[in-house]
Enquirer: 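Below you will find the structure I want to go over with you.
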Amino acid sequence: MIKEKIVEELNIEGLTADSVAEVPENFTGDYSIPCFPLAMKLGKNPAQIAKEIVEAFNNEASKSNGANKDKCVIEKLENVGPYINVTLNRNVVASEVDADKLNFDDYNGKVACVEFSSINLAKHPHIGHLCTTIIGACIAKIFEKVGYKVVRINYLGDYGTPFGKMITAFKKWGNKEEVEKIGVDALQDLYVKFCANENEELLSEAREWFKKIEEKDAEAVELYNWIIKISFNEIKHIYNLLGISFDDYNGESYYEGKRDEVIAELKAKNLVFESDGALLVDLNAYGLGNFMVLKSDGTSLYSTRDLAAAIDRKKKYNFDRSLYVTDTAQNLHFKSVFKTLELMGYDWAKDLTHINYGRLSTPQGKIASRRGKVAVLKDIFEVAETRAYEVVKERNLDKQVATDIGVSAISFGLLKTERIKDAVFDIESALNFDGETSVYLQYMNARLNSIFAKAKEQGLVAGEMVDGYKVNDDEFAIIKQIDLYKEMIFDAYKDCEPCYIARYALKLATLFSKFYNNHSILNGEKSEIQFRLGLCEKVKIVLVDCMNLLGVKVIEKM
Ligand code: ARG
């Protein structure tokens, strides 16, 4: 990493790689070091420090008569006010930057639980579940990339009165063959019918069925399992399309079975108080209000099950980090869960993180209108595939390519904005070949492939840079971008922010496209061809790595 090298060569106490920044526009050089933090530390004027550093460096360089200059990444330092602008020695940098060093294992051996997707069964997964699924899948991969062993957890919403309602509706109006044939749609219709006809009698029947499920009544359990199976089929198809699998599917019903232990522990640790028959944890001192863990009718809550799940995961996986990917609406819930665990004396509560994200909507009247108010996941994929097929037909590509393009557009469309921001997902713009899209990345990769194919035909191969080769601006911009890869991945890891990777990949693709348009790769001097082919190989490695992390499918030919 070049920034580290710069710091090493400057050898100034207190200067770290983080303080090396992009050079501000209209200035010469490759990187810039603002001297404000150094000035603070030393209690000096920043412009003065910048000047001193540059002078000292130049003095040193002239003393040694430039002896080592050919091996240093710094070619020139310039002082502009409180900044030090660094111009790099392109050839040294070009030979330093190596795309093969992209597998890092700084967190080797650590374990991270990543809980995501966590759909509610017996209902259509909706657009919010799409976010958790795609963001979670990406974060799991980022953690793996930096060396964690990741446990992917799908905390299924497989518990609660909706199942009682569903069984009641099914018994009244349902037909087994029809549900098996149609799937979740039929279940959803039954649920809607229940709600439309809801009255005390129906509700008490639903409670009765739910109770029977809990008491393991044979018929109730059979129906319950059947509903779960039907619901899961729909999402299974989507997980397959996205290439996602999980290691642990223990959901809310599983942790309902462990709630008594948690309640007993909370009582033993004197953390609960009673109010109107309900049990609560007093979190007012932390601005979180009272956190209910048991209702007055003795039934447990979402909160209790999450406490049980966190404790169980720690026992089972002994995680170093445990993440929960859900929307911002659950901020208070997770803060309360984490705080309660901390008060229970679990010091690992500090290792729990809520990865929240903003609201996602689809443009009015597009996908959402198909089935009433909520956009259903299945429809989003269908629309994306159909539109992608229209796009690829014009280009004579086959159906599988359409699926790959459509699915990738969905993933990338969601990941390219900061996760906390509310966003609109528009499939039309996600499929634009020239936009900030996954198709653009896929297209650049296919272009690289065709360069390699042509090179092979002509017997041209990549090679080392020959001495005296002059690295041009477009080439050097790519080299610098590749050099930033590792730093970007660690930032994405630290902030759990997939959009850094998306932005990085777009920039790399754009730089490559510029280079490709301005220079001929396969016609030129032998030294040029071999260097440029080598550069293309590096671009390909990094681009494909980003695409894999982002769930963008690599299409060999387009
Ligand atoms: N199933 C819930 C929902 O769809 C999300 C579960 C989030 N995870 C958790 N551990 N509470 O809203």
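The analysis underlying the following values was restricted to heavy atoms, covering all of them including side chains, and did not include hydrogens, waters or symmetry mates. Ligands are counted one by one from 1 in listed order, and the atoms in each one are counted from 1 as well.
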Enquirer: Which atoms of ligand 1 have any heavy atom of Tyr324 under 4.0 Å away?
Expert: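 Matching atoms, with element in brackets: 10 (N).
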
Enquirer: What protein heavy atom sits nearest atom 8 (N) of ligand 1, and how far off is it?
Expert: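 Result: Glu115 OE2, 2.8 Å.
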
Enquirer: Salt-bridge test for Lys315 and Asp312: reply yes if a basic N is under 4.0 Å from a carboxylate O, no otherwise.
Expert: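 Here Lys315 does not pair with Asp312 in a salt bridge, since their nearest N and O are not under 4.0 Å apart.
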
Enquirer: Are side-chain N/O atoms of Thr133 and Ser117 paired as donor and acceptor at under 3.5 Å?
Expert: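 Side chains of Thr133 and Ser117: pair found under 3.5 Å.
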
Enquirer: Go through ligand 1 atom by atom and flag the ones less than 4.0 Å from a non-hydrogen atom of Tyr155.
Expert: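 Numbered from 1, ligand 1 contributes 8 (N), 9 (C), 10 (N), 11 (N).
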
Enquirer: Can you tell whether the side chains of Glu200 and Arg207 come within less than 4.0 Å, N to carboxylate O?
Expert: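 Between Arg207 and Glu200 there is a salt bridge, with a charged N closer than 4.0 Å to a carboxylate O.
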
Enquirer: Atom 12 (O) of ligand 1: which protein heavy atom is closest, and how many Å away?
Expert: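 Scanning the protein heavy atoms, the shortest distance from atom 12 (O) of ligand 1 goes to Gln330 NE2, 3.6 Å.
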
Enquirer: Under a 4.0 Å threshold between the charged nitrogen and the carboxylate oxygen, would Lys149 count as salt-bridged to Glu144?
Expert: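 No, this pair does not count.
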
Enquirer: So does Lys421 pair up with Glu418, basic N to acidic O under 4.0 Å?
Expert: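 Here Lys421 pairs with Glu418 in a salt bridge, since their nearest N and O are under 4.0 Å apart.
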
Enquirer: Which residue and non-hydrogen atom of the protein lie closest to atom 4 (O) of ligand 1, and at what distance in Å?
Expert: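 Ranked first by proximity to atom 4 (O) of ligand 1 is His129 NE2, 2.7 Å.
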
Enquirer: Describe, in one word, how the ring planes of Trp348 and Phe319 are oriented to each other, choosing from parallel (under 30°), tilted (30 to 60°) and perpendicular (over 60°).
Expert: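 Rings of Trp348 and Phe319: perpendicular, as their planes differ by over 60°.
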
Enquirer: Measure from atom 6 (C) of ligand 1 to every heavy atom in Tyr255, Tyr159, Tyr302, Phe334 and give the option owning the shortest one.
Expert: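 Nearest option to atom 6 (C) of ligand 1, by heavy atoms: Tyr302.
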
Enquirer: Based purely on interatomic distance, does Thr326 place a nitrogen or oxygen under 3.5 Å from a nitrogen or oxygen of ligand 1?
Expert: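 In fact, backbone or side chain, Thr326 has no N or O that close.
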
Enquirer: Look at Lys3 together with Glu487 and state whether they make a salt bridge at an N to O cut-off of under 4.0 Å.
Expert: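 A salt bridge is present here (some side-chain N lies under 4.0 Å from a carboxylate O).
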
Enquirer: Check ligand 1 against Asp306 and write out every atom of the ligand that is under 4.0 Å from a heavy-atom position of the residue.
Expert: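 Near Asp306, the atoms of ligand 1 are 9 (C), 10 (N), 11 (N).
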
Enquirer: For atom 3 (C) of ligand 1, which protein heavy atom lies nearest, and how many Å away is it?
Expert: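 Its nearest protein heavy-atom neighbour is Asn120 ND2, 3.6 Å.
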
